[in-house]
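The structure presented is a predicted model; accordingly, all values stated were derived computationally and were not measured. Remember, it's 1-based here, ligands and their atoms both numbered in the order they're listed. Sequence positions, counted from 1, serve as the residue numbers for this chain.
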Amino acid sequence: MKFSLVGLALAGILSSAHGALPGDSVNGKRLHNANCLGCHDAAVYSRPDRTIKSLDALRVQLDGCSHMAHRKFSLLESQDILKYLNDDYYHFP
Ligand code: HEC
């Protein structure tokens with residue numbers, strides 16, 4: 001009994017460690033392309049000297065940029081965009 005509980009907990013940790021972010025990256029891409037290409041294109045996400053080094057930093061940047069884009073995304077929309085950026089460009093664990 002005890003053993004199987006540990007197994008379950010481990011499985012949970014491992015699957016989240018594989019970066020299964022919640023959200024819908026297809027919708028994230030749509031929102032991104034409609035709102036985020038006014039100041040920079042997607043090349044800033046993959047340039048060699050990109051400034052974002054962690055998922056948390058990406059969240060903060062997304063907040064800041066959404067603010068600059070004069071767009072208030074819902075929590076779900078932000079999750080979708082974050083997932084799109086991470087799946088396609090950043091690949092943070
Ligand atoms: C009002 C202008 C503006 C808009 C609109 C904008 N951004 Fe940005 N964004 C910037 C600036 C300025 C930087 C910093 C670029 C640099 O360092 O050269 C930046 C940088 C970023 C970075 C960091 C790139 C790196 O170095 O790794 C991310 C991620 C990002 N933006 C995401 C977004 C997203 C997502 C949206 C749409 C919600 C968005 N931006 C809309 C101005 C904007």
Inset, instruction - State yes or no: are the ring centers of H67 and F73 separated by less than 6.0 Å? - result: no

Inset, instruction - State if Y89 counts as touching ligand 1 under the rule of any non-hydrogen atom under 4.0 Å. - result: no

Inset, instruction - Report yes or no: does R47 have a heavy atom closer than 4.0 Å to ligand 1? - result: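 Contact check R47 vs ligand 1: positive.
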
Inset, instruction - Mind checking whether L58 contacts ligand 1 via backbone (N, CA, C, O), side chain (CB onward), both or neither, at a 4.0 Å heavy-atom cut-off? - result: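 It is the side chain that gets close, since no backbone atom is under 4.0 Å.
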
Legend entry - Min N/O separation H40 to ligand 1 under 3.5 Å: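 Right, the criterion is met.
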
Legend entry - N or O contact, R50 vs ligand 1, cut-off under 3.5 Å: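 Such a contact does not occur with ligand 1.
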
[X] neighbourhood, listing ligand 1 atoms whose heavy-atom distance to it stays under 4.0 Å:
| X | value |
| --- | --- |
| L62 | 35 (C) |
| V44 | 24 (C), 25 (C), 26 (O), 27 (O) |
| Y45 | 28 (C), 29 (C), 30 (C), 32 (C), 33 (C), 34 (C) |

Inset, instruction - Can you figure out which of G38, C39, C36 has its heavy atom closest to atom 43 (C) of ligand 1? - result: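 Minimum heavy-atom distance to atom 43 (C) of ligand 1 goes to C39.
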
Inset, instruction - Tell me which protein heavy atom sits closest to atom 20 (C) of ligand 1, plus the residue, atom name and distance to 0.1 Å. - result: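 Residue, atom and distance for the closest contact: Q61 NE2, 3.4 Å.
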
Legend entry - Per-atom contact, atom 14 (C) of ligand 1, protein heavy atoms, under 4.0 angstrom: no

